[in-house]
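Here is the structure we will look at, set down as structure tokens.
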Amino acid sequence: MKLLTPSTSKQVEPAFLPPDFNASSGEGSLSLSESDNDIPEKKWKISPEKWICAKSSKVKHSNLNSIITEKLELLILLQRMSKDSMTEENNDCIKNLELETKQVSTDTKCVYCDDEEHGEHGSKKNTKCINLSEDSTDSGYAWVILVSAFFLEVLTGCSLTSFGIMMVDIIDSTEQRASNIAFIGALLSSFLGLSGVLLGPIVHRFGCRVVVFSGSLILALCCLTTFLVRNVIVYYFSMGIVSGVGYSCYQLGAPVAVSHWFQKKKAFSLSVIMTGISVGSMLWGPITRLLINKYSWRGAVLIIGGLQLHGCLIAAILKPGPLLSKSLLEKKRSSRFNKEILKNKRFIIYCFSNFTLLYGHVVPFMMLPIKAESNGISKMNAAVLVAIMGACSTTVRPLVGYLGDKAWFDKNFVFGIFSILGGILTSASFYMRTYNLLIIYACLFGMISATYIPLTLSVAVEIVKKPEFIANGLAIILTVHGLATLVSITAFGTLDYVQLKNNCEKDTVFQHFTQSVHIQNALATTYESTGDRWRTFSYRKAAAAVKRYPRPITSFEEALAIPGVGERVANKIWEIVETGGLRKLEELSNQEDIKAISTLSGIWGVGQTTARQWVSQGIKTLEDVRNKAKLTRPQQIGLKHYDDLLERMPREEAGRIDDFVREKCLGIDADLVILCCGSYRRGKETCGDVDFLITHPDGKSHHDLLPKIIKRLGSFLTDHLVSLQQKGGQSKYLGVCKLDEEGAKHRRIDIITVPRDEYACAIMYFTGSAHFNRSMRHLAGKMGMSLSEHSLNKGVVRKRGEKLNPGVPLPTPTEESVFKHLGLKYLPPNERDH
DNA sequence: GGGCGGTACTG
DNA sequence: CAGTAC
DNA sequence: GCCC
């Protein structure tokens, strides 16, 4: 996913280090110490044993210092900007600068070292000297640093990769527009790059150890916040801006640390940690997907936050190296902006073209997982696509860097060709829908963009020409990149989620298509009122199938081909697609009776039979019911809480009910196992009710437990609908509860106690969804088994529906074991929606 | 043409 | 027993 | 209503 963010991490990372350019580094802070270090390196050759460093001379040479600093500042900027797109021009330019700088500083015969930071070298009193023998760099502890920095980069690779992967889940669960969520990614990528500039001075001041440590804490805190808070505005900060800053701490820390420890093998060591980013961006995709599958995206965020705390460990390992030079690092950089550059028309035009280039580049990248999933590709395989794209781009980058250095390499030509190729590919991607094609797309896009994105900078250098403007020019281009990223992703505000998710070509078809789902459901509801149970059943099934269908339906035949959609429903779908409506539904829903029936059957305990009877007796409104109808006890309760009980509660409220009930139950017996199932366990953002499943590990204490629980819950339970149901070893309570909070509403609550050996099957059953249970039962039946809330039985003998032999229960200690018996791979609750 | 889950509560 | 809900 |  790193590829996606041309304006950020990418460019800031040293993607390739020309062998002759040993001072290249990822960050300005780094470059400063390095170029400083180049001085001792030269001297080494003269006196390899020891280096005398006269710290006091710093004062005398303050003038020189400012010259050095000034040169170095330019050097920093140049290196930062050009890193992986090193071209002859700016390479030369930098080399000249280096040379100059070296001369100036060798003249002073002075190297500034910091003797406080590494006691073992410099703490000897009176000898303001530091031993910079070869032993202190490139070996020993340096390798520990290298490994740590490598893992730090692996952690960094998490940033955009995992965000891209979880974007679909976030959109689904927050029910926000895709653009709103994508904007988080835009912020993340922008701040990843932007804060690199801001953090530079901080690294200078406090060293990379502190920065990495804070980065780690920041990230963990961000993840925790994201986990706890359910507010998209907060995510803009917790997942976007602040996370971006956290990751840039890592991104800065690793190369800086390495550069403090490696002298001769600096290029090598920096390449090694770059590999860390590639490895990271490949690993995090699938890892994130797996975590989401098991714990939902919030859980995944929390776990990732925990994993990011490893940064603290790494920070502890990153002790300041022998090559650190604090005194120079503390120098401020003054960057002056030269307006002359804006008079270069070619450059201005180039800026605009870069804007459009990046505009078109970012979106397909960011949207790859969504595109894949909308074409029916599994979420895991979508994650693999991202990994493939990352792998391809990170493989090609060093190659481009290497070739870019060759004299015969015409970067203007290559840049032009590849950006056109990228455009063609992006256009063509509309037609790529199968997994194989998308794999090819991911590879090509990864490679092509890895080619032209770094080249944007080299070409800029060529256009700017004058060395004194290069730094400004590159800064402008990078700003343009960042702006394009932000704007392009924000522009998605014009598209809504459904369109995006279905990769829409014809807007109208889409609208009608999504409408058809609602209409099918409406038809189902209508028929429910008229009492045709099985027709209702089929409409619902068809509506669910259409909802899952990843593409717009463009023909009658296509509709007919969907399982669950027969000729009659396909006809209706086609009518909806063509006309946007359905006459049959209009007729039915305009009948007053039918509306009345659906209103009345909203009362808990009132079904279509009762409702229809009432309507035929002239009882058509809730007011009529209250005055005239004869109500059962549960129906009275249902009527009393009519509005509350029809409303779904926010997930977070279900969570608080969970906490409350859990605590009360543990007060009875601390060994009780309490699980809140239903849509809550499936990770839904709203829940119609809460289902508690309670068991006792000793296998027998569940007897007589339920009455105690009900008593214990006291006035939390406001009404009892069905006080006790017994079947087998299970007991079930259905009731109404209300939290003791300001403005709390009444909610439906079910509590079930089960024997330990039925626990797994009970969890499965009460987690649902209803449709999922149905398909599981069906599958079990086909395999000669039967699945119920009590057990999974095998050896069931059925004869024309009647089962002659109930079979024997299979041991099912866990949900996984149930899936295993049925020959299925485990499905986490959040994937059991159908 | 028959199945589409099987069962326990309320009245 | 029918009706309802899980 | 759909599917076997």
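In what follows, chains are A, B, ... by sequence order, proteins preceding strands, each numbered from 1. Just so you know, these numbers use all the heavy atoms, side chains as well, and skip hydrogens, waters and symmetry mates.
In the region residues 755-777 of chain A, proximity to DNA chain B at under 4.0 angstrom, judged on heavy atoms, holds for Tyr765(A), Arg774(A), Arg777(A). In the region residues 700-730 of chain A, proximity to DNA chain B at under 4.0 angstrom, judged on heavy atoms, holds for Val722(A), Leu724(A), Gln725(A), Gln726(A), Lys727(A).
When Asp704(A), Leu672(A), Leu693(A), Ile709(A) are each tested for a side-chain contact (heavy atoms from CB on, under 4.5 Å) with Thr753(A), only one passes: Ile709(A). Screening Glu685(A), Glu652(A), Glu653(A) against Arg230(A) for a salt bridge (Lys or Arg N to Asp or Glu O under 4.0 Å) leaves a single residue, Glu685(A).
Remark: P of dC6(C) and CD1 of Ile749(A) are 13 Å apart, rounded to the nearest angstrom. One interatomic measurement links the two molecules: CD of Gln636(A) to P of dG11(B), which rounds to 8 Å at whole-angstrom precision.
Contact annotation for Arg540(A): no contact, since no heavy-atom pair falls under 4.0 Å across all strands.
Using a cutoff of 4.0 Å between basic side-chain nitrogens and carboxylate oxygens, Arg535(A) and Glu528(A) are not scored as salt-bridged.
Between the side chains of Thr767(A) and Arg681(A), at least one donor N or O lies within less than 3.5 Å of an accepting N or O. Using modelled atom types and a 3.5 Å distance limit, the side chains of Glu558(A) and Thr554(A) yield a donor-acceptor pair.
Taking the 5.5 Å centre cut-off and the 30° plane limit, the aromatic side chain of Phe537(A) is not classed as stacked on dC4(B).
In terms of position on DNA chain B, the residue among Ser538(A) and Thr632(A) whose nearest nucleotide sits closer to the 5' end is Ser538(A).
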